[in-house]
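In what follows, chains carry the letters A, B, and so on, assigned in the order in which the sequence lines appear, proteins first and then strands, with residues in each chain numbered from 1.
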There are 2 protein chains.
Amino acid sequence: MLQVTALTVEEGKLCPIRNVLSNVFGKWQSLILLSLEDGPLRFSAVKRTVGDITQRVLTENLRALERDGYLTRTVDPGPPVAVSYELTGPGKDLVEVLKPIVSWASENFDQVVAARKSYDARA
Amino acid sequence: MLQVTALTVEEGKLCPIRNVLSNVFGKWQSLILLSLEDGPLRFSAVKRTVGDITQRVLTENLRALERDGYLTRTVDPGPPVAVSYELTGPGKDLVEVLKPIVSWASENFDQVVAARKSYDARA
DNA sequence: CAGTATCCTTTACGATACTG
DNA sequence: CAGTATCGTAAAGGATACTG
């Protein structure tokens with residue numbers, strides 16, 4: 001069976017699922033990765049694509065994604081300075097497995113909304 | 001291009017990606033869904049599978065997943081009472097698109113850990 | 001067994017102002 | 001332009017005790 005507990009069966013080893021996914025399944029991470037799907041973008045372009053993320057939080061999330069090796073950060077000192085973010089190989093792979101979930105979400109949105117409505121009506 | 005902003009292009013409509021995924025990409029939701037992959041489990045069995053989740057939080061998450069229509073909750077009044085949770089059709093579909101990410105996480109765990117180490121060494 | 005009820009802490013996030 | 005610095009809020013989660 002699948003191992004999803006904090007520690008794997010071999011004690012002392014962290015669960016890869018949790019350890020990797022916790023940095024991808026946040027409110028913004030997957031959205032940011034998806035925004036880079038078609039090629040590198042500059043900081044402000046990522047911000048525009050995601051829409052309602054603050055500068056502080058975007059920076060924070062970009063750094064975390066860079067740290068995990070999903071994207072690179074390239075600085076072109078200007079002036080004005082231009083910083084662009086680009087998916088790495090692993091980052092592109094990750095986006096590929098992320099996309100089916102995104103499609104699923106779009107396709108099943110109505111169903112989920114209906115389920116919520118029916119649940120709330122019963123309670 | 002993919003639409004990931006809070007409001008979709010047709011104003012006033014919520015983004016399906018965010019709206020659906022925010023209830024799946026939490027710390028526990030995907031783990032709980034995965035625990036039910038092989039068939040229905042009772043409350044305590046889910047808890048055992050996930051490992052270190054508290055009763056309160058597990059209950060909370062199970063309710064949210066039930067509300068979104070991913071699983072059903074069946075009570076067999078005992079005594080002692082036995083409650084079992086089972087994936088619905090949509091729940092099973094969701095688990096299927098979730099599994100590739102889980103596999104990806106397992107396969108790329110070492111790489112991510114290495115990336116973090118190298119990033120931390122530079123900074 | 002499968003929860004509720006409380007209380008408390010942590011973490012993520014939002015708002016705003018400032019800067020090389 | 002792409003951040004950093006502060007401050008404040010809110011949601012998620014942890015610990016523990018209690019119950020039909």
Side-chain angles (χ1 to χ4, degrees), chain A residues 4-7 15 18-19 21-33 35-36 40-68 71-86 116 119 123, chain B residues 4-7 15 18-19 21-33 35-36 40-68 71-86 119 122-123:
Chain A
V4 296
T5 50
L7 296 177
C15 170
R18 295 193 189 200
N19 206 270
L21 295 191
S22 62
N23 289 328
V24 172
F25 277 17
K27 182 174 182 180
W28 303 111
Q29 292 97 318
S30 57
L31 266 29
I32 294 171
L33 290 173
S35 78
L36 296 173
L41 289 182
R42 293 175 54 179
F43 184 87
S44 50
V46 176
K47 187 170 187 311
R48 230 182 345 267
T49 305
V50 176
D52 57 345
I53 188 172
T54 62
Q55 264 183 335
R56 195 188 65 75
V57 173
L58 178 55
T59 301
E60 208 172 77
N61 277 270
L62 284 168
R63 292 286 192 281
L65 292 170
E66 185 193 2
R67 178 172 185 259
D68 277 11
L71 52 82
T72 57
R73 174 174 180 274
T74 309
V75 182
D76 173 7
V81 39
V83 180
S84 77
Y85 294 89
E86 181 169 19
R116 283 179 196 163
Y119 182 94
Chain B
V4 295
T5 50
L7 295 177
C15 170
R18 295 193 189 201
N19 204 271
L21 295 190
S22 62
N23 289 328
V24 172
F25 277 16
K27 182 173 182 181
W28 303 112
Q29 291 97 318
S30 57
L31 266 29
I32 293 170
L33 289 172
S35 78
L36 296 173
L41 288 182
R42 292 176 54 180
F43 184 87
S44 51
V46 175
K47 187 169 188 311
R48 232 186 339 272
T49 305
V50 176
D52 58 344
I53 188 172
T54 62
Q55 266 183 333
R56 194 187 66 75
V57 173
L58 178 54
T59 301
E60 209 172 78
N61 278 269
L62 283 168
R63 292 286 191 281
L65 292 170
E66 185 193 1
R67 177 171 185 260
D68 276 11
L71 53 81
T72 57
R73 175 174 180 274
T74 309
V75 183
D76 173 6
V81 38
V83 180
S84 78
Y85 294 89
E86 181 169 19
Y119 181 94
R122 288 187 15 194

Can you check the B/R18 CZ to C/dC13 C1' distance for me, whole Å?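 To the nearest whole Å, that distance equals 13 Å.
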In whole angstrom, give the distance that lies between atom CG of A/N23 and atom P of C/dT11.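 In whole Å, C/dT11 P lies 13 Å from A/N23 CG.
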Below 4.5 Å, heavy atoms only, C-beta onward: do [X] and [Y] meet side chain to side chain?
{"X": "B/R63", "Y": "B/T59", "answer": "yes"}
{"X": "B/V50", "Y": "B/L58", "answer": "no"}
{"X": "A/L31", "Y": "B/R18", "answer": "yes"}

Can you tell me the pairing partner of D/dT16 across any strand shown, Watson-Crick or G-U wobble, with both distances under 3.5 angstrom?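 Partner of D/dT16: C/dA5.
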Give the minimum heavy-atom separation between B/C15 and B/T5, together with the two atoms involved.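 For B/C15 versus B/T5, the nearest heavy atoms are CB-O, 3.0 Å.
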Reckon [X] touches a base, only the sugar-phosphate, or nothing at all at heavy-atom distances under 4.0 Å?
{"X": "B/K47", "answer": "nothing"}
{"X": "A/V81", "answer": "base"}
{"X": "B/R56", "answer": "base"}

For A/P80 and A/T59, take the nucleotide of DNA chain D holding the closest heavy atom to each; which residue's nucleotide lies nearer the 5' end?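 Per heavy-atom nearest nucleotide, the more 5' residue is A/P80.
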Using a heavy-atom cut-off of 4.0 Å to chain B, what are the terminal contacting nucleotides of DNA chain D, in 5' to 3' order?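 Using the under 4.0 Å cut-off, the span is D/dG13 to D/dG20.
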Would you please test B/E86 and B/L71 for side-chain contact (heavy atoms from CB on, under 4.5 Å) and show each step? CA-CA 5 Å; B/E86 181 169 19; B/L71 53 81; over 6 Å; no
Would you call the rings of B/F25 and A/F25 parallel, tilted or perpendicular, taking 30° and 60° as the class edges?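 Judged by the thresholds at 30° and 60°, the geometry between B/F25 and A/F25 is parallel.
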